[in-house]
Number of protein chains: 2
Amino acid sequence: MTIRYPVAPPTLADVAERAGVSRQTVSNAINNPDLLRADTLARVQEAIEELGYSPNRAARNLRTRSSHLIGLKFQPAQEGTANAAMDRFVHSLVETAGGAGYHILLFAVGEDEDHLRGYDDLLRATAVDAFIVTDTYLGNPQAAWLRQRRAPFVSFGRPWDDDAADHPWVDVDGAAGVDLATTHLLDRGHQRIAWIGWHKDSRIGEDRRSGWTRAMHGRNLSTTGLASRTEDTVSSGHDAAAVLLDEAQPSAFVCASDTLAMGVLHTLRDRGLTPGHDVSVIGFDDSQVAQVINPGLTSVRQPLEEVAVEIVRALEGLLSTPAVVSPGVLLTPTLAVRETG
Amino acid sequence: MTIRYPVAPPTLADVAERAGVSRQTVSNAINNPDLLRADTLARVQEAIEELGYSPNRAARNLRTRSSHLIGLKFQPAQEGTANAAMDRFVHSLVETAGGAGYHILLFAVGEDEDHLRGYDDLLRATAVDAFIVTDTYLGNPQAAWLRQRRAPFVSFGRPWDDDAADHPWVDVDGAAGVDLATTHLLDRGHQRIAWIGWHKDSRIGEDRRSGWTRAMHGRNLSTTGLASRTEDTVSSGHDAAAVLLDEAQPSAFVCASDTLAMGVLHTLRDRGLTPGHDVSVIGFDDSQVAQVINPGLTSVRQPLEEVAVEIVRALEGLLSTPAVVSPGVLLTPTLAVRETG
DNA sequence: CCGCGCACTTGGATCGATCAATGCGGGCCA
DNA sequence: TGGCCCGCATTGATCGATCCAAGTGCGCGG
């Protein structure tokens, strides 16, 4: 704590001299402490402490051909939507990765230029050890490209339709989450529960939807006429709810996102219906919006902290012993129950 | 530990051999292209292209003693609040920094351990070139500590009460934003405009509050009895609004955050008052919540994209020529007008 | 007393880009 | 023709940690 910069930081050789041992021994003290006798180790650690030594990252990276950096393409929440899972996820990730000795490197790729360019540069420059890929939507070329490049990566999201995929992945069981929400409503006596989701080409959307049909059919209830597929915007949710209310008279809505659920709430407000009393509404993502509105929006909450833990675990396996083939991990969301459902 | 490549990545020497020039020339082609004759440069670039060469980051970092990495302590939005500026800010930052050849390195420091430990490690290990500090609240030791360490950093936020501070900073003029909001209400005929803000020891809160008093006094209107200071939670805003409505009968509220504004909206709802019609409400941060609720919440929007640009500019000045002393930059927010005000 | 293994030491090489100094050929001017 | 500068090539050294191979001193069991 008494060192002033910008004097040259101490090197491993400085520590060795101070502790009266060799460079090799200091290196071992740091990387293979169990090779040293207890008293020697203590002496070296003391010298490290006194000098405020910390191994130079660049030198270490050069020699070991690894950076202990994980690349993550940062995708912010879209304006005008309620979905903000990234924020919570990134935080959990940074914390967990930090515990494992890794840091998160953010990068962006411009909209116009080649989307893979960013990955390529970082990879070739050995700037990162691995990537975390977050959007595995249909036709997303990232995963295929990374695999072909033999770049280590873990994806948050299943390789939906890519049967050649053999990379580790972690995902949240959206169907189970929606099933949970639907069952919660069924247990409260609802029979006519509507679904508002995304277009058919969204695998995530179809997965979530299947949780609704599963729960409904499990109670021998029909789902015909009770589903709507639309864009992920508030106004789309608003319109879809209006149509469903007119044509199918549902007593509750389960939505693929909090954004859509907000649209439903607006429709209820238009018609003087009280959410949670006249009509129940459940969203998906447990966004800040769900938490601060009144009445509070019941919503499916993804276990993002666990996702981060599993992703880091997978990364460690991937980077330490390449033989370990970690399959996918599927986590189950919970339901944050509030007033609307 | 190692990135599995089909083949070892090409080195600068490989490029030199292929182009029939020396290592130094290739290095110049990359770092000082104007030193080369046009045809030589073209030949080298061709070789780079053919081999898919990208300079090894670790080697470059070691030699140049710089990593082109900027450290940022990632702070997620608090659960149960509406404030989510970080998300938007980080994205802008990543994009802008990327354009300048820098990447953003996220790190976290555990709540219990020494808050400065994270900075220290990264700095000593020459893992980052500089830091971006985002919370410059009263008594925050980071800035002082970093300065004492002579660590290059730029802060998002003024050094409020630290007169010894000489580091570059970028901030948003909260007072101007609130002035803007208040004036907007005044222009619409409001006279009794209340303020709900944070406790007195929050410099940011007091700054924003001053915008309200400035605008009110500018029209010779009294502010006595119209202000409330509380915690930044929805329920605090709710309570404060109730008290103010009872005791001062304001026709409009300006709040230090969207979170507080949400509380106000809940109170209006309790009393059957229509936001924007009976009583106007303006928040601060233009969060997702402000955007998706109905009626939409008018809110002060921070120009986070510009903040990012200015911060990167300051960083570049800081890292290129240490002599350049960039003072602070103060940016003016805008008002996102919606139905509540 | 020998041999073995533990706990180190020693010196050198290595990773790959950059720095610094020198070499070299050709053009320009006196 | 000689001297000089300019553009570019060449080459060894350097950054600091790690890897590697060989060696030393010492204690202990056989």
Side-chain angles (χ1 to χ4, degrees), chain A residues 6-45 47-48 51-68 101 121-127 129, chain B residues 1-3 5 7-45 47-48 51-68 101 121 123-127 129:
Chain A
V7 299
T11 70
L12 182 138
D14 297 333
V15 176
E17 192 181 5
R18 174 137 193 151
V21 297
S22 66
R23 281 179 301 155
Q24 183 70 278
T25 303
V26 178
S27 180
N28 284 336
I30 296 168
N31 301 309
N32 300 82
D34 45 332
L35 288 182
L36 299 200
R37 220 168 37 205
D39 59 333
T40 315
L41 180 58
R43 211 165 71 247
V44 174
Q45 282 171 337
I48 288 176
L51 292 175
Y53 169 77
S54 202
N56 182 303
R57 283 285 233 280
R60 171 178 280 179
N61 294 350
L62 176 58
R63 187 69 244 238
T64 64
R65 295 170 167 286
S66 79
S67 63
H68 276 234
D121 287 348
L122 289 170
L123 194 56
R124 282 197 316 222
T126 52
D129 288 353
Chain B
M1 189 143 75
T2 54
I3 292 184
Y5 261 94
V7 292
T11 71
L12 182 138
D14 297 334
V15 176
E17 191 182 7
R18 173 138 195 151
V21 298
S22 67
R23 283 176 300 150
Q24 182 70 284
T25 304
V26 178
S27 179
N28 284 336
I30 297 169
N31 302 308
N32 300 84
D34 44 333
L35 288 182
L36 299 199
R37 220 169 35 206
D39 59 333
T40 315
L41 179 60
R43 212 165 72 247
V44 174
Q45 282 171 337
I48 289 177
L51 292 175
Y53 169 76
S54 202
N56 182 303
R57 285 283 233 281
R60 171 177 283 179
N61 294 351
L62 175 59
R63 188 68 244 236
T64 63
R65 296 172 169 284
S66 78
S67 62
H68 276 233
D121 287 348
L123 193 56
R124 283 197 316 221
T126 54
D129 288 354

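Letters A, B, ... mirror the listed sequences (proteins, then strands); counts begin at 1.
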Practice item. Taking side-chain hydrogen bond (donor to acceptor under 3.5 Å, both in side chains) as the test, write out the residues that go with B:Ser54, two or more places apart. Key: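 With sequence neighbours excluded, B:Ser54 shows a side-chain hydrogen bond (donor to acceptor under 3.5 Å, both in side chains) to no residue whatsoever.
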
Review point. With sequence neighbours left out, what residues match A:Asn28 under side-chain hydrogen bond (donor to acceptor under 3.5 Å, both in side chains)?
Key: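 Partners of A:Asn28 under the side-chain hydrogen bond (donor to acceptor under 3.5 Å, both in side chains) test: none.
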
Table of protein N/O atoms under 3.5 Å from nucleotides 20-23 of chain D N/O atoms:
residue, atom, partner, partner atom, Å
D:dC20, N4, A:Gln24, NE2, 2.4

Check your understanding: How many Å lie between CG on B:Asn28 and P on D:dC8, as a whole number?
Key ->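 Atom CG in B:Asn28 sits about 10 Å away from atom P in D:dC8.
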
**Study point:** Integer-rounded Å distance: D:dC8 C1' and B:Asp34 CG
**Key:**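 These atoms are roughly 14 Å apart.
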
On a heavy-atom basis, which atom in [X] and which in [Y] lie closest, and how many Å separate them?
X	Y	value
B:Ala127	B:Ser67	O-OG, 3.0 Å
A:Ala16	A:Val26	CA-CG2, 3.5 Å
A:Leu62	B:Ala58	N-CB, 3.4 Å
A:Ala29	A:Leu36	CB-CD1, 3.7 Å

Exercise for review: Specify the residues of residues 35-42 of chain B, ordered by number, for which at least one heavy atom lies under 4.0 angstrom from an atom of DNA chain C.
Suggested key: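 Those residues: none at all.
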
Exercise for review: Give me the residues of residues 13-21 of chain B where at least one heavy atom lies under 4.0 Å from an atom of DNA chain C, by number, or none.
Suggested key: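 Result for residues 13-21 of chain B: none.
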
Check your understanding: If you walk 5' to 3' along DNA chain C, what is the first nucleotide with an atom under 4.0 Å of a heavy atom in chain B, and what is the last?
Key ->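 The protein-touched segment is C:dG16 to C:dA20.
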
Report, one line per pair, each donor and acceptor closer than 3.5 Å where one atom sits in a side chain of residues 37-45 of chain A; sequence neighbours left out.
residue, atom, partner, partner atom, Å
A:Arg37, NE, A:Asp39, OD1, 3.1
A:Arg43, NE, A:Ala19, O, 3.1

Review point. With distance as the sole criterion, do the side chain of B:Arg23 and the base of D:dT10 form a donor-acceptor contact below 3.5 Å?
Key: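 Answer is no: no donor-acceptor pair is held.
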
Exercise for review: Can you pull out how bent the helix from C:dC1-D:dG30 to C:dA30-D:dT1 is, comparing the axes over its first five and last five pairs, to 10°?
Suggested key: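 Rounded value for the end-axis angle: 40°.
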
Check your understanding: Roughly how far apart are A:Leu12 CG and A:Leu51 CG, rounded to 0.5 Å?
Key ->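 Between A:Leu12 CG and A:Leu51 CG, I get 11.0 Å after rounding to 0.5 Å.
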
Exercise for review: Drop me the distance from B:Asn31's CG to B:Gln24's CD, to the nearest 0.5 angstrom.
Suggested key: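 It is 9.5 Å, given to the nearest 0.5 Å.
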
Exercise for review: Pick base, sugar-phosphate or nothing for B:Ser27, based on heavy-atom distances below 4.0 Å to the nucleic acid.
Suggested key: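 Sugar-phosphate, backbone atoms only, no base.
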
Exercise for review: Evaluate the side-chain proximity of B:Thr11 to B:Asn56: yes if any heavy-atom separation is below 4.5 Å, no if none is.
Suggested key: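 Not in contact.
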
Exercise for review: Name all residues meeting the side chain to side chain contact (heavy atoms under 4.5 Å, CB included) criterion together with B:Asp34; count only those two or more places apart in sequence or in a different chain, and write none if there are none.
Suggested key: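 With neighbours one apart ignored, the set is B:Asn32.
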
Practice item. Quick one: list whatever passes salt bridge (Lys or Arg N to Asp or Glu O under 4.0 Å) with B:Arg18, sequence neighbours left out. Key: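 Salt bridge (Lys or Arg N to Asp or Glu O under 4.0 Å) list for B:Arg18, sorted by chain: B:Glu50.
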
Review point. With no hydrogens and no angle check, is any side-chain donor or acceptor of B:Thr64 less than 3.5 Å from a backbone partner on B:Arg60?
Key: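 Side chain of B:Thr64 to backbone of B:Arg60, a donor-acceptor pair under 3.5 Å: yes, one is there.
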
Practice item. Name every residue in residues 52-68 of chain B that has at least one heavy atom under 4.0 Å from any atom of DNA chain D, in order of residue number, or write none if there are no such residues. Key: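 Under 4.0 Å from DNA chain D: B:Leu62, B:Arg63, B:Arg65.
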
Protein-nucleotides 24-29 of chain D N/O pairs under 3.5 Å:
none

